[in-house]
Peer 1: 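Input: one structure, supplied below.
Since the structure is predicted, the reported quantities are computational estimates derived from the model, not experimental observations.
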Amino acid sequence: MSTHAKRERLLLADLLEAAGPDAPTLCEGWLTRDLAAHVVVRERRPDAAAATLVPMLKERGDRVLAEFSAKPYEELVQLVRTGPPRFSPFAVKQVDEGANTVEFYVHAEDVRRAQPHWSARELDPVFADALWSRLERTARLLGRKAPVGLVLRRPNGQTVVAHKGTPVVTVSGEPGELVMYLFGRQATAKVDLEGEPDAIERLRETKQLGI
């Protein structure tokens, strides 16, 4: 049975292929070529991928990313589609599922939602539950810089606290939309905000949500 991560990987590869190398994405400053290179570097060059967490490695990371971005686009897309080499930790099914389900969902949406006339995907309930489960584990990390108290609520009434504080803003939406919201894609996330008007405005003005 295909895992969520594998399914989202294949969807991302298809979207990248269809969009071509120079299409916009929701990742600021990145075209589809850059996004494809990022995914490949993350899985195949952990020494360079670590630059996102270790500032002193940024120059090395930028250099490796540029090298991969210069590869033929068809090759990059195929590397995304086929996945990591056997020696990569991401080649382990459990690691792939845990680390890449949300990663590939968000990046697939980064490609889809940057195109004109996009519409929200209707996710199957099992996948929606999987995304919610990951939100429950990571919400406080992703929402730690919120300027107000932040609560996430899905349509069935389940909630998770992303940031403690007052006043509180409750962000309601489907799990996939809440994922996009917390990962810094607030402009395209289909969510509703409830709370004091000033608190909502402060939350809308912040660009610090996400990693």
Side-chain angles (χ1 to χ4, degrees), residues 1-19 23 25-27 30 32-53 61 65 68 73-115 118 120-142 152 154 158 160 162 173-185 188-190 209-211:
M1 181 179 293
S2 176
T3 65
H4 297 306
K6 183 174 179 60
R7 184 179 64 183
E8 292 302 302
R9 175 195 296 281
L10 296 177
L11 174 60
L12 173 59
D14 288 346
L15 289 167
L16 288 168
E17 183 176 53
T25 75
L26 296 187
C27 299
W30 279 5
T32 40
R33 174 185 295 280
D34 305 305
L35 179 52
H38 159 75
V39 171
V40 174
V41 168
R42 178 174 173 271
E43 294 192 318
R44 294 174 176 265
R45 289 292 303 271
D47 58 316
T52 58
L53 301 174
L65 185 63
F68 273 84
Y73 186 67
E74 295 77 8
E75 179 182 341
L76 279 176
V77 173
Q78 185 60 19
L79 289 173
V80 172
R81 180 174 282 115
T82 56
R86 287 185 297 172
F87 60 79
S88 170
F90 292 109
V92 179
K93 180 180 177 180
Q94 293 84 350
V95 175
D96 182 46
E97 187 73 355
N100 284 333
T101 295
V102 171
E103 176 84 6
F104 291 150
Y105 168 74
V106 170
H107 284 326
E109 294 301 299
D110 284 337
V111 178
R112 289 183 66 254
R113 300 186 185 208
Q115 313 308 315
W118 67 272
R121 288 170 59 188
E122 184 173 341
L123 305 182
D124 69 73
V126 174
F127 186 39
D129 285 344
L131 292 179
W132 178 257
S133 177
R134 283 160 176 77
L135 271 181
E136 289 181 315
R137 296 197 294 269
T138 61
R140 292 199 176 185
L141 172 64
L142 296 169
L152 309 178
R154 62 185 300 192
Q158 286 182 291
V160 62
E174 296 290 345
E177 299 304 313
L178 294 173
V179 166
M180 294 299 288
Y181 187 88
L182 267 198
F183 270 78
R185 279 67 169 181
T188 67
K190 303 293 187 180
L209 292 181
I211 296 177

Peer 1: Taking all non-hydrogen atoms of both residues into account, name the closest pair between Val77 and Glu17 and its distance.
Peer 2: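 Looks like CG1-CB, 4.1 Å.
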Peer 1: Mind checking what makes side-chain contact (heavy atoms from CB on, under 4.5 Å) contact with Ala91, not counting sequence neighbours?
Peer 2: Pro84
Peer 1: Just how far is it from atom CD of Gln158 to atom CG of Asp129, taken to the nearest 0.5 Å?
Peer 2: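 Gln158 CD to Asp129 CG: 7.5 Å, rounded to 0.5 Å.
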Peer 1: Give me the atom names and distance for the closest heavy-atom approach of Ala13 to Val80.
Peer 2: CB-CG1, 4.3 Å
Peer 1: Just jot down the side-chain contact (heavy atoms from CB on, under 4.5 Å) partners of Arg137, sequence neighbours excluded, or say none.
Peer 2: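 side-chain contact (heavy atoms from CB on, under 4.5 Å) check on Arg137 returns Ser133, Arg134.
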Peer 1: Applying side-chain hydrogen bond (donor to acceptor under 3.5 Å, both in side chains), can you list everything that pairs with Arg113, at least two apart in sequence or on another chain?
Peer 2: Glu109, Glu177
Peer 1: State which residues pass ring pair (Phe, Tyr, Trp, His ring centres under 6.0 Å) with Trp132; sequence neighbours excluded, sorted by chain then number.
Peer 2: none
Peer 1: Should Val126 and His4 count as side-chain neighbours, where that means a heavy-atom distance under 4.5 Å?
Peer 2: yes
Peer 1: So, applying side-chain hydrogen bond (donor to acceptor under 3.5 Å, both in side chains) with Thr3, which one of Arg9, Lys93, Glu97, Gln94 is it?
Peer 2: Glu97
Peer 1: Is a side-chain N or O of Glu8 found less than 3.5 angstrom from the main chain of Val102, in a donor-acceptor match?
Peer 2: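 Judged by distance alone, no pair lies under 3.5 Å.
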Peer 1: Quick one: CG on Leu11 to CZ on Arg112, what's the gap to the nearest 0.5 Å?
Peer 2: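 Spacing of CG (Leu11) from CZ (Arg112) equals 7.5 Å.
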Peer 1: Would you compute the distance between atom CG of Leu76 and atom CG of Leu16 and round it to the nearest 0.5 angstrom?
Peer 2: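 Answer for the CG-CG pair, Leu76 versus Leu16, is 9.0 Å.
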Peer 1: List for me each residue that meets side-chain contact (heavy atoms from CB on, under 4.5 Å) alongside Ala23, sequence neighbours excluded, and say none if there are none.
Peer 2: Ala19, Thr32, Gln115
Peer 1: With Arg7 as the cation and Phe127 as the aromatic partner, state whether NZ or CZ is under 6.0 Å from the six-membered ring centre and within 45° of the axis.
Peer 2: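 Here Arg7 passes the 6.0 Å and 45° test against Phe127.
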Peer 1: Is there side-chain contact between Arg42 and Asn100, with at least one heavy-atom pair below 4.5 Å?
Peer 2: yes
Peer 1: Pair Leu123, Glu174 - check side-chain contact (heavy atoms from CB on, under 4.5 Å), show working.
Peer 2: CA-CA 9 Å; Leu123 305 182; Glu174 296 290 345; over 6 Å; no
Peer 1: Determine, step by step, whether Asp110 and Trp30 satisfy the side-chain contact (heavy atoms from CB on, under 4.5 Å) criterion, reporting the C-alpha distance in whole Å, the side-chain angles of both residues, the deciding distance to 0.1 Å, and the verdict.
Peer 2: CA-CA 10 Å; Asp110 284 337; Trp30 279 5; over 6 Å; no
Peer 1: Under the side-chain contact (heavy atoms from CB on, under 4.5 Å) test, which residues partner Gln78, sequence neighbours left out?
Peer 2: Arg81, Thr82
Peer 1: Kindly give the heavy-atom pair with the smallest separation between Gly176 and Leu131, and that separation in Å.
Peer 2: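 In this case the closest contact between Gly176 and Leu131 is CA-CD1, 3.8 Å.
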Peer 1: Could you tell me which non-hydrogen atom of Val160 sits nearest to which non-hydrogen atom of Ala139, and how far apart they are?
Peer 2: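 Heavy atoms only, the tightest pair is CG2-CB, 4.1 Å.
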Peer 1: Closer than 4.0 angstrom, basic N to acidic O: yes or no for Lys6 and Asp96?
Peer 2: no
Peer 1: If I take atom OH from residue Tyr73 and atom CZ from residue Arg33, how far apart are they, to the nearest 0.5 angstrom?
Peer 2: 8.0 Å
Peer 1: To the nearest 0.5 Å, how far apart are CG in Leu152 and CG in Leu182?
Peer 2: 5.0 Å
Peer 1: Which of these passes side-chain contact (heavy atoms from CB on, under 4.5 Å) with Leu79: Glu43, Arg44, Glu74?
Peer 2: Arg44
Peer 1: As an exercise, state the distance from CG of Leu15 to NE2 of His107, rounded to the nearest 0.5 Å.
Peer 2: 13.0 Å
